[in-house]
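The next block holds one structure in the form of structure tokens; read it before the comments.
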Amino acid sequence: MAIKRTPKKNQFRNKSSYKHKNSKTFPVKDRLLTLLQQRKFGVFLAYVTLYFIIITGGWVLIFRFVNPPFTLLMLQRGVERKFDGKDWKLEKRWVSYDELSDNLKRAAIAGEDANFMQHVGFDIKAIREAYKKNQAGKAMRGGSTISQQTAKNVFLWPGRSWLRKGFESYFTILIELLWGKKRILEVYLNVIETGDGLYGAHAATHAYFSKAPTSLTKKQAALIIAVLPNPRRWSPARPTSYINRKANAIVRYMGHSSIPD
């Protein structure tokens, strides 16, 4: 006589078979789903990167021909003045490269970036020297080139962070590729902070020496560059002994500074 299986046993067998089957197939599905998701994320990341390069590259290319109207530092300083109960002050006027004194161009290179004409945006030697001095506990100093300072001033926000430093390096490479040395130096000398509410060579030369930026003497040009670490603290028109010594050193090196044609 044949033994009949009860429905309960059949159900148990079916459930056991189901679990056994799915224990093999589920991990495979999970892996496939994970790979699919990772691929989608990779494609998304690739699109974001591509759009970022296109947008930022176009932005830099526009400023190759169009003068930057303002910088975030200018806006920040204006807001700070308002919070301090002062009037909004933003004095600047764009001066073309040919209208800038050669003395000022040479002073900027001698005082801020001696290897400006040789490097491609980054002065590795200066960065190493700055790092060693900072590690030794000496007065903090940076190794930023004129190209890096221009990229920071025009395209980024004020402050210090590794994120901003990364963007600064990226924009430095772009302006070196798309602008060239002549445009970089022109933009730099037109957007730098030269005093409280003063920006660029034109505002500085008129405020401190009552003359056009085409007619600066070597010492006057050197004084404007000498105060750049903190132009709101020091004045080229009333130089301290420290600023005078620094300006005299810049004058001595100006004869060795070549400038873009």
Side-chain angles (χ1 to χ4, degrees), residues 59 62-63 66-101 103-105 107-113 140-142 144-161 164 167-168 171 175 183-244 246-247 250:
W59 188 13
I62 288 172
F63 281 167
V66 178
N67 300 327
F70 60 86
T71 68
L72 290 178
L73 177 63
M74 295 176 188
L75 298 180
Q76 177 182 307
R77 293 290 193 241
V79 172
E80 288 173 354
R81 284 182 61 88
K82 295 298 286 184
F83 275 120
D84 291 338
K86 301 177 182 178
D87 293 333
W88 180 275
K89 184 180 179 182
L90 201 166
E91 293 183 18
K92 66 180 184 69
R93 177 181 164 187
W94 197 272
V95 181
S96 70
Y97 185 82
D98 294 333
E99 294 176 304
L100 290 165
S101 165
N103 285 333
L104 186 59
K105 298 169 191 173
I109 293 174
E112 293 290 291
D113 188 1
M140 291 292 288
R141 57 165 293 180
S144 294
T145 62
I146 286 176
S147 302
Q148 287 175 275
Q149 293 180 56
T150 305
K152 172 191 68 176
N153 288 337
V154 175
F155 299 102
L156 300 174
W157 62 95
R160 294 177 179 270
S161 70
R164 202 206 64 170
F167 281 125
E168 177 188 303
F171 279 106
I175 64 174
R183 178 60 173 172
I184 290 172
L185 187 58
E186 177 188 356
V187 174
Y188 173 76
L189 290 173
N190 275 283
V191 301
I192 51 173
E193 185 179 30
T194 51
D196 187 14
L198 305 177
Y199 301 92
H202 186 275
T205 55
H206 277 267
Y208 300 127
F209 305 117
S210 300
K211 59 169 56 177
T214 54
S215 55
L216 287 173
T217 66
K218 288 184 178 181
K219 183 61 180 288
Q220 289 170 338
L223 284 169
I224 289 174
I225 299 302
V227 303
L228 288 187
N230 196 338
R232 295 189 298 166
R233 174 185 175 187
W234 295 308
S235 169
R238 298 181 300 278
T240 63
S241 57
Y242 165 72
I243 293 299
N244 255 322
K246 188 176 178 183
I250 291 173

Original post:
Looking only at heavy atoms, what is the nearest atom pair of Ala151 and Glu168, with distance?
Top reply: CB-O, 4.0 Å

Original post:
Which salt bridge (charged side-chain N to carboxylate O under 4.0 Å, His left out) pairs, counting each pair once, include a residue from residues 196-214, with sequence neighbours left out?
Top reply: Arg81-Asp196

**OP:** Only counting residues at least two apart or in another chain, list the ones meeting ring-ring contact (aromatic ring centres under 6.0 Å, His included) with Phe209.
**Re:** none

Original post:
Of all heavy-atom pairs between Phe167 and Leu156, which one has the smallest distance, and what is that distance?
Top reply: CB-CD2, 3.7 Å

Subject >> Test item: Lys246 side-chain N/O and Ala226 main-chain N/O as donor-acceptor pair under 3.5 Å >> reply: yes

Original post:
Once you round to the nearest 0.5 Å, how far does NE2 of His202 lie from CG of Leu100?
Top reply: 10.5 Å

Subject >> Separation of Ile192 CD1 from Tyr199 OH (nearest 0.5 Å) >> reply: 12.0 Å

Subject >> Any Leu198 side-chain heavy atom under 4.5 Å of Lys89 side chain >> reply: yes

Original post:
According to the interplanar angle, ranging from 0 to 90°, do the rings of Phe63 and Phe155 count as parallel (below 30°), tilted (30 to 60°) or perpendicular (above 60°)?
Top reply: tilted

**OP:** Indicate yes or no: at least one non-hydrogen side-chain atom of Leu185 is less than 4.5 angstrom from one of Ile109.
**Re:** yes

Subject >> Close side-chain approach of Asn244 and Lys219, heavy atoms under 4.5 Å >> reply: yes

Original post:
What closest approach, in Å, do Thr217 and Asn103 show between heavy atoms, and which atom pair accounts for it?
Top reply: C-ND2, 3.7 Å

Original post:
Roughly how far apart are Lys82 NZ and Asp87 CG, rounded to 0.5 Å?
Top reply: 6.0 Å

Subject >> Heavy-atom closest pair, residues Leu228 and Glu193 >> reply: CD2-O, 3.7 Å

Original post:
Got Asn190 and Asn67 here, is their nearest side-chain heavy-atom distance under 4.5 Å?
Top reply: no

Original post:
Quick one: OH on Tyr188 to CD1 on Ile175, what's the gap to the nearest 0.5 Å?
Top reply: 12.0 Å

Original post:
Where the side chain of Lys105 meets the backbone of Tyr97, is there a donor-acceptor pair that is under 3.5 Å apart?
Top reply: yes

Subject >> Nearest heavy atoms of Pro68 and Val187, plus distance in Å >> reply: CG-CG1, 4.4 Å

Original post:
Any chance the side chains of Trp94 and Glu186 put a donor and an acceptor closer than 3.5 Å?
Top reply: yes

Original post:
Does a side-chain heavy-atom distance below 4.5 Å link Tyr208 with Leu223?
Top reply: no

Original post:
Can any side-chain N or O of Lys152 pair as donor or acceptor with the backbone N or O of Arg164 at less than 3.5 Å?
Top reply: no

Original post:
What is the minimum heavy-atom distance between Pro236 and Ile224, and which atoms define it?
Top reply: CG-CA, 4.0 Å

Original post:
Ser235 versus Val227: any side-chain heavy-atom pair under 4.5 Å?
Top reply: no

Subject >> Plane angle bin for Trp234 and Tyr242 - parallel if under 30°, tilted between 30 and 60°, otherwise perpendicular >> reply: tilted

Subject >> Qualifying residues under ring-ring contact (aromatic ring centres under 6.0 Å, His included), relative to Phe83, sequence neighbours excluded >> reply: none

Subject >> Pair Arg232 + Glu80: basic N to acidic O under 4.0 Å >> reply: yes

